[in-house]
Amino acid sequence: MSITNSLQKATRESLAILYGKEFSDNDFQVNVTRPDFEGDYTVVLFSLLKKTGLTPDKLGNDLGKELLRSHSHLFSSFNIIKGFLNLEISESYWLELLYLNHNDICYGKQPLNGKKVMVEYSSPNTNKPLHLGHLRNNFLGWSVAEILKANGYEVLKSCIINDRGIHICKSMIAWQEYANGETPESSEKKGDHLVGDYYVKFNDEYKKQVKELVNSGVKEEVAEKDAPLMRSTQLMLQQWEAGKPEVLELWNKMNGWVYEGFDITYKKIGSDFDVKYFESNTYLLGKDIVEQELAKGTFFKKEDGSVWIDLSRDGLDEKLVLRKDGTSVYITQDIGLAKQKYEEYKIDQSIYVIGDEQNYHMKVLKLICQKIGLPYANDIHHLSYGMVELPTGKMKSREGTVVDADELVEEMIATAKHHTEASGKVKDFSEEELTDLFETIGMGAMKFYLLRVDPKKKMIFNPEESIEFHGFTGPFIQYTYARIKSIVRKETIPPAERLNTSLLKPEKDIIISLEQFPSVILQAAKELNPSAIANYVFGLAQLFNTFYTVLSVANAESAEKKILRLQLAVMTANVLKSGMQLLGIKMPERM
RNA sequence: GGUCCGGUAGCUCAGUUGGAUAGAGCAUCAGCCUUCUAAGCUGAGGGUCAUUGGUUCGAAUCCAAUCCGGAUCACCA
């Protein structure tokens, strides 16, 4: 139990003993004591004054004395300032915490809770390579999955690959027209980039064709449909749906190139999936559900034969689920896939990591799932994240301002290499160790930069800031960890023992922070928010660095102090590593 | 226009069951390497928490209105 919870419980019990009344945790607040006051944790008394009819001083004194009497192992002293009861936690409590947990690499993690959750993330299109926006998505998805695991969930990471549709046909048509058989091998390009280039090529040529037609007097709307490239694309889409062998062959070939490219990127950024869905397999799902539910009255049919659901009583509009020609729309297959996920894996919860431009869509999806009685519908969550923008504004593929994922990764690793070599600390590393280290630091910087911000907020990606390795960054925390490891490597850690020594401020500050780690993991899961972990880990690293410059481990004042500080160092390293692991960031033993 | 999200230091961001004098990082300035890794530490300056009103012992936090920015409201995906 966290110290906040213990303190709440102790306060409730003490109040009951003193005044014979039941209180709940909502009747009063427990906070960390502000640094300029004496004490560690504070009970705010104001809200209790009316219920007890006492003055702050009287209540504070009664409660403080009772807490000390009944929980002498927990508290050592108290003081009252205005309506704040500041309590000092006893040193033996902190020392015990340290003794029990400093070597526990699972500290803060919950045992399995028997619940299964699917986290869907990444969801790329197979017509272009991944970009900066995908990176935020991938890092969030992966991290949330880890955070949920740490909270005892069984997690399935899934991915839906948008491998069909008009946009895919566009790159296929352009390749046919302009590529002269170019392949990833012949061009020495990554497959996803090669295909992406032809998607761009399509748009360029198509625009030219439209312009020509318009210049020759055709109306723009007509020109857009009549341009030869568009006509052949539409035809190809029909042929694909009809299963024409040559089209499928080309489609398979080009998608294969893309997957080879994606695999390289995913491996580099550390994304992986337990389940992969392909839209080419799922795009017909959901129609049967609509038919069944139509009979039950959940959906209704309009005169033209199209099928709708009326969500106006839930504050939304009517939503189309089947076109008048009986074909399905985007949401139809999502309904079908949601059901399939349940039937295949019996999941209790489903999380979709999708940009906030789809908030409305996801709201509708959840509502429909509830209305058709999908068992886990109430536990469908949209982890909605804001767009990544550049200091100059939004990324626009038209203007070539899209930040390519592969290029960015390489740039981060190169920067890590540059800084590391300049520091001159790794001269004895082997080639392999160096490559590994540069990747660890470069990826660490990038992941931390993208995860340290609250997901739901749109964020600005500043290229100069993102390669910064000082301050609130991944490498700062990695560096702190490497420093600790360097200390610990030189010492033989004595067997764990219970200590009986007093704590200096920098020592105590770290323990207080370490105690909060389990609560932070809990909070991060509740909010589906990795930035809570990032902020916490940074704060802990800061505390340790302060400690490090003020106090010595190796040359501690006494043998007992040395053991204390070693325990502190080891536990801090463990927590930093666990925390960063939840963000998908590796820690170097040396840097 | 309806709905949703956001507005906190020059910049990027923390800050929720409402709590004490609003915090970090970057940038700026001043210091600290003979001592466990200076990718570090210490200090200084920097704020109308968008605005106005309300709720109360107490509001960046809750409520209302207004202003600004964004997303969305497709028989696109």
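All values below come from the heavy atoms of this structure, side chains included, with hydrogens, waters and symmetry mates left out. Throughout, protein chains are lettered first and strands after them, A, B, ... in sequence-line order, and every chain is numbered starting at 1.
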* To do: Please give the nucleotide sitting opposite B/A38 as a Watson-Crick or G-U wobble pair, both distances under 3.5 Å, or none.
  =>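 No nucleotide pairs with B/A38.
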* Pairing partner of B/G1 (Watson-Crick or G-U wobble, both distances under 3.5 Å) ->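 In the structure as shown, B/G1 has B/C73 as its Watson-Crick or wobble partner.
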Across the strands shown, which category fits [X] at heavy-atom distances under 4.0 angstrom: base, sugar-phosphate, nothing?
{"X": "A/Phe28", "answer": "base"}
{"X": "A/Asn86", "answer": "base"}
{"X": "A/Phe37", "answer": "base"}
{"X": "A/Gln8", "answer": "base"}

* **nucleotides 34-46 of chain B: protein proximity per nucleotide (B base, S sugar-phosphate only, - neither; heavy atom, under 4.0 Å)** => --BBSBSSS----
* Structure fact -> Per-nt protein contacts along nucleotides 67-77 of chain B (heavy atom under 4.0 Å; B base, S backbone sugar-phosphate only, - none) come out as --SSSSS-BSB
* To do: Could you work out which one of B/A24, B/A14, B/G19 sits closest to the side chain of A/Ser47?
  =>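 Out of B/A24, B/A14, B/G19, the nucleotide with an atom closest to A/Ser47's side chain is B/G19.
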* Asked: Considering the options A/Val453, A/Asn137, A/Leu450, which one meets the side chain to side chain contact (heavy atoms under 4.5 Å, CB included) requirement together with A/Tyr385?
  ->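 For A/Tyr385, the side chain to side chain contact (heavy atoms under 4.5 Å, CB included) test succeeds with only one of A/Val453, A/Asn137, A/Leu450, which is A/Asn137.
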* Looking only at heavy atoms, which two atoms of A/Thr52 and A/Leu48 are closest? And how far apart? ->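 Heavy atoms of A/Thr52 and A/Leu48 come nearest at OG1-O, 2.8 Å.
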* Under 4.0 angstrom between A/Arg34 side-chain N/O and B/A22 OP1 or OP2 ->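 For B/A22, neither OP1 nor OP2 has a side-chain N or O of A/Arg34 closer than 4.0 Å.
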* Starting from P on B/C57, measure out to CG on A/Leu48 and report it in whole angstrom. =>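 A/Leu48 atom CG is separated from B/C57 atom P by 15 Å.
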* Asked: For the pair made of CZ in A/Phe472 and C1' in B/G23, what is the distance, rounded to whole Å?
  ->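 Interatomic distance, CZ of A/Phe472 to C1' of B/G23: 12 Å.
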* Asked: What parts of residues 444-457 of chain A reach RNA chain B, counting only heavy atoms under 4.0 Å away?
  ->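 Heavy-atom contacts with RNA chain B come from A/Arg452, A/Val453, A/Asp454, A/Lys456, A/Lys457.
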